[in-house]
Structures are given as structure tokens and as C-alpha cells.
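Notes for the one structure printed next.
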Amino acid sequence: MVEFAGIGGFILLVLNIWAIVSIIGSGQSIGSKVVWTLLVLILPLIGFIIWFLAGPRAPKAVA
């Protein structure tokens with residue numbers, strides 16, 4: 001069971017890094033980016049879920 005917690009923590013870390021990169025790449029104001037980044041850093045799981053549902057997104061690349 002310890003390995004599952006380690007894998008779960010690693011997955012959460014990767015998802016949070018993805019969220020922060022997306023927040024920084026978004027077109028929002030600096031203040032908004034700071035608030036979203038702090039939310040994801042301070043509350044990793046809950047912050048990621050809130051960001052995923054309502055947070056700023058990076059602009060999509062045009063192919």
C-alpha cells in the first residue's frame with residue numbers, strides 16, 4: 001500500500017506541475033496567475049481540482 005501512496009503522490013505532483021505551466025502560459029493578468037498558482041501550491045489536490053474545473057487555460061495552438 002505504501003507504493004500506491006508514492007505513485008499517487010507522484011501523479012499529483014505531475015498534474016500540479018502541468019497546472020502551473022498552464023496557468024503561467026494563460027493570457028490572464030499577473031495577479032490572477034499568482035492567485036491560481038498559490039491555490040495549486042497550498043492545496044495540491046483541492047487546488048488542482050478547482051483549477052481544472054474553473055481555472056485559466058493556456059491558449060490553444062493553431063495547427
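Along the sequence shown, the residues carry numbers beginning at 1.
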Checklist entry - Got S22 and W51 here, is their nearest side-chain heavy-atom distance under 4.5 Å? => result yes

Next on the checklist: In the structure I gave you, are the side-chain heavy atoms of I46 and L39 within less than 4.5 Å of one another anywhere?
Outcome noted: no

Checklist entry - Got a sec, which residues hit side-chain contact (heavy atoms from CB on, under 4.5 Å) with V34, two or more places apart in sequence or on another chain? => result I30, L38

Checklist entry - Would you say L45 and I23 are hydrophobically clustered, going by side-chain heavy atoms of ILVMFWY under 4.5 Å? => result yes

Please set out all donor-acceptor pairs under 3.5 angstrom arising from side-chain atoms of residues 7-17, sequence neighbours excluded.
unit_1	atom_1	unit_2	atom_2	d
N16	ND2	L12	O	3.4

Next on the checklist: Can you give me the closest heavy-atom contact between G47 and V40, atom names plus distance?
Outcome noted: O-CG2, 3.9 Å

Checklist entry - Does S32 use its side chain to pair, donor to acceptor, with the backbone of Q28 at less than 3.5 Å? => result no

Checklist entry - Which word best sums up how the rings of F48 and W18 line up, parallel for under 30°, tilted for 30 to 60°, or perpendicular for over 60°? => result tilted

